[in-house]
S.K.: 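Quick one: structure below, then a few questions.
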Amino acid sequence: GGGAPKCAAGVSIPGRGAARAAPRDERPGGPAFMYPFAQHFLLCLGFFLYIPAAVVAVVHLVRRGDIASRSSQALALAAGLCHVALLVLRGIEGGGFPVRTALDSLILFLIALTGGVLLVGRLFRMPVMVSFALPVIATITGGSFLLVQVPADVARPHPLLLASHVSLTVISYAAFAIGFVLGVMYLLQERQLKSRRPGWLLYVLPALDVMEMLSVRTIVAGWLMLSAGIGLGMLGLWLGRLSLPAQTIWYADPKVVWTGLTWAAYTAVVVIQLMPRFRGRKVAMVGVLGFGLVIFTYFGAHLMGAGFHRF
């Protein structure tokens with residue numbers, strides 16, 4: 001026939017019988033990873049909800065209505081809860097930490113990013129930041145099809161060590177994403193202030209010092225979590241070294257290489273923001289550019305060959 005239908009993640013939706021009968025193929029270059037139907041429904045529903053959330057967020061930016069702001073936040077919250085439910089089902093199914101593939105890792109990243117954006121927007125009364133972030137989140141979900149292949153096996157450290165490593169690393173990326181959004185907002189507001197004919201953004205965006213303060217804090221928090229996550233990952237590699245193939249060169253794994261480059265880039269951001277002459281616009285620009293490494297670490301590294309990382 002014409003094949004099974006697919007959702008935005010590019011993963012085929014199996015029938016009920018196929019979900020029970022067909023074993024999961026976890027070989028490098030094998031077929032797309034298949035969730036059971038209930039999990040697949042939550043996966044696709046969450047992805048689809050981010051689209052209207054982003055559209056309504058843009059409406060809020062243009063028309064500045066409270067109804068649009070609250071509606072976009074409600075849709076984003078619903079999308080995040082769908083993915084939380086998905087990971088809960090994944091954990092129940094696997095009897096442990098639910099993140100076992102790159103797509104699972106992306107879902108955890110979206111949950112952390114959505115929750116962080118909604119929390120910061122609420123605490124600091126910045127609904128405009130939420131509206132700026134939601135189109136970014138919706139765009140990131142569009143790259144989910146790049147992560148449906150399951151790479152080679154990974155060393156098996158202690159489950160708590162693995163969960164801590166993955167969680168800290170993924171949440172650090174979410175913090176960097178928030179720093180990226182705040183950096184973009186800072187650059188736009190600075191341009192408005194210098195313009196002879198400022199536009200409507202001047203009256204929508206927060207003060208520069210507020211955005212700089214939040215951007216620096218989120219980037220520093222992300223750097224601390226990434227440092228801890230890398231340290232736990234190195235410990236896990238050492239403890240699970242015997243379960244890796246003899247020919248494995250861990251430092252040549254694309255994910256390891258690009259995660260190291262991301263850490264180095266944000267280490268530079270943390271250091272230069274301590275220097276008075278590198279505050280403001282320069283820190284915002286470096287934070288924006290640094291997030292490009294995060295995106296490549298997530299998506300591009302998986303296209304460079306199958307390393308030992310599943311996520």
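Residues: numbered from 1 along the sequence shown.
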S.K.: Counting only heavy atoms not in Met285, do more than 12 sit closer than 6.0 Å to its CE atom?
M.R.: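 Not buried by this count: 12 neighbours or fewer within 6.0 Å.
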
S.K.: Going from CZ on Phe48 to CG on Leu43, what distance comes out if it is rounded to the nearest 0.5 angstrom?
M.R.: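 It comes to 9.0 Å.
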
S.K.: When you measure from the side chain of His83 to the backbone of Ile107, do you find a donor-acceptor pair of N or O atoms at a distance under 3.5 Å?
M.R.: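 Side chain of His83 to backbone of Ile107, a donor-acceptor pair under 3.5 Å: no, none is there.
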
S.K.: If you apply the rule side chain to side chain contact (heavy atoms under 4.5 Å, CB included), what do you find for Ile230 with Thr259, and how did you get there?
M.R.: CA-CA 8 Å; Ile230 290 175; Thr259 299; 3.9 Å; yes

S.K.: Would you say Phe176 and Thr218 make side-chain contact, with heavy atoms under 4.5 Å?
M.R.: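 In short, these two side chains do not touch, never coming nearer than 4.5 Å.
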
S.K.: Would you call Val88 and Glu93 a side-chain contact if the rule is heavy atoms closer than 4.5 Å?
M.R.: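 Not in contact.
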
S.K.: More than 12 non-hydrogen atoms from neighbouring residues, nucleotides or ligands closer than 6.0 Å to CZ on Phe97, yes or no?
M.R.: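 Check passes, neighbour count above 12.
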
S.K.: Can you give me the closest heavy-atom contact between Leu87 and Pro98, atom names plus distance?
M.R.: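 Nearest heavy atoms, Leu87 then Pro98: O-CB, 3.1 Å.
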
S.K.: Just by distance, do the side chain of Gln189 and the backbone of Pro206 share a donor-acceptor pair under 3.5 Å?
M.R.: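 Yes, because the side chain of Gln189 sits within donor-acceptor range (under 3.5 Å) of the backbone of Pro206.
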
S.K.: Of all heavy-atom pairs between Gly287 and Ile219, which one has the smallest distance, and what is that distance?
M.R.: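 Taking Gly287 first and Ile219 second, the nearest heavy atoms are CA-CD1, 4.2 Å.
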
S.K.: In terms of heavy-atom contacts, does CD1 of Ile67 have more than 12 from other residues, nucleotides or ligands at under 6.0 Å?
M.R.: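 Not more than 12 within 6.0 Å, no.
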
S.K.: Quick check for you: to the nearest 0.5 Å, what is the distance between Leu108 atom CG and Arg90 atom CZ?
M.R.: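 It is 12.5 Å, given to the nearest 0.5 Å.
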
S.K.: Minimum heavy-atom separation for Leu293 to Ala265, with atom names?
M.R.: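 Leu293 and Ala265 have their closest heavy atoms at CD1-CB, 3.5 Å.
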
S.K.: Phe124 vs Met129, test: side chain to side chain contact (heavy atoms under 4.5 Å, CB included). Steps then yes/no.
M.R.: CA-CA 10 Å; Phe124 293 91; Met129 191 206 70; over 6 Å; no

S.K.: Give the C-alpha distance, both sets of side-chain angles, the deciding distance and a yes or no for side chain to side chain contact (heavy atoms under 4.5 Å, CB included) between Val128 and Met185.
M.R.: CA-CA 9 Å; Val128 64; Met185 292 168 58; 4.1 Å; yes

S.K.: How far apart are the closest heavy atoms of Thr114 and Ala76, and which atoms are they?
M.R.: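 Minimum heavy-atom separation between Thr114 and Ala76: CG2-O, 3.6 Å.
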
S.K.: Are Ile111 and Val117 linked, directly or through other ILVMFWY residues, by side chains that come within less than 4.5 angstrom of each other?
M.R.: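 Per the 4.5 Å side-chain linkage, Ile111 and Val117 are co-clustered.
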
S.K.: Quick one: do Val216 and Val288 end up in the same hydrophobic cluster if we chain Ile, Leu, Val, Met, Phe, Trp and Tyr together by side-chain heavy atoms under 4.5 Å apart?
M.R.: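 Result: yes, single cluster for both.
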
S.K.: Looking only at heavy atoms, which two atoms of Leu205 and Phe132 are closest? And how far apart?
M.R.: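 Closest approach of Leu205 to Phe132: CD2-CE1, 3.5 Å.
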
S.K.: So, taking the atom named CD1 in Ile178 and the one named CG in Leu214, what distance separates them when rounded to the nearest 0.5 Å?
M.R.: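 Reported to 0.5 Å precision, the distance equals 9.5 Å.
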
S.K.: Given the rule that I, L, V, M, F, W and Y join up when any side-chain heavy atoms are under 4.5 Å apart, are Tyr186 and Val220 in one cluster?
M.R.: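 Looking at the clustering, Val220 is in the same group as Tyr186.
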
S.K.: Nearest 0.5 Å, what's the CZ-CG distance between Arg217 and Leu182?
M.R.: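 These two atoms lie 12.0 Å from each other.
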
S.K.: Compute whether any side-chain donor of one residue and acceptor of the other, for His60 and Ser72, lie under 3.5 angstrom apart.
M.R.: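 Checked: His60/Ser72 side chains show no N/O donor-acceptor pair below 3.5 Å.
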
S.K.: Please round to the nearest 0.5 Å and tell me the distance separating atom SG of Cys82 and atom CG of Leu42.
M.R.: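 One finds 6.0 Å between SG of Cys82 and CG of Leu42.
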
S.K.: Thr262 and Tyr173: side-chain donor and acceptor closer than 3.5 Å?
M.R.: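 Looking only at side-chain atoms, Tyr173 and Thr262 do not form any donor-acceptor pair under 3.5 Å.
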
S.K.: Under 3.5 Å, is there a donor-acceptor pair linking the side chains of Ser69 and Asp66?
M.R.: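 Ser69 vs Asp66: no donor-acceptor pair found between side chains.
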
S.K.: Name the orientation class of the two ring planes belonging to Trp223 and Trp263 (parallel below 30°, tilted from 30 to 60°, perpendicular beyond 60°).
M.R.: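 Ring orientation, 0 to 90° scale: parallel.
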
S.K.: What are the two closest non-hydrogen atoms of Gly183 and Ala284, and how far apart are they?
M.R.: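 Scanning both residues completely, I find the closest heavy atoms to be O-CB, 4.0 Å.
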
S.K.: Look at the side chain of Ser172 and the backbone N and O of Thr169, then say whether any donor-acceptor pair between them is shorter than 3.5 Å.
M.R.: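 Answer holds: yes.
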
S.K.: Do Leu86 and Phe41 belong to the same hydrophobic cluster, where Ile, Leu, Val, Met, Phe, Trp and Tyr are linked whenever their side-chain heavy atoms lie under 4.5 Å apart, directly or via other members?
M.R.: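 No, separate clusters.
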
S.K.: For Val130 and Met126: C-alpha separation, side-chain torsions, deciding distance, then whether side chain to side chain contact (heavy atoms under 4.5 Å, CB included) applies.
M.R.: CA-CA 7 Å; Val130 181; Met126 293 174 59; over 6 Å; no

S.K.: Under a single-linkage definition using a 4.5 Å side-chain heavy-atom cutoff for Ile, Leu, Val, Met, Phe, Trp and Tyr, are Leu208 and Val283 assigned to the same hydrophobic cluster?
M.R.: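 Same cluster: Leu208 reaches Val283 through Ile, Leu, Val, Met, Phe, Trp or Tyr contacts under 4.5 Å.
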
S.K.: If you measure from CD1 on Ile51 to OG1 on Thr141, what distance do you get to the nearest 0.5 Å?
M.R.: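 The OG1 atom of Thr141 is 6.5 Å from CD1 of Ile51, to the nearest 0.5 Å.
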
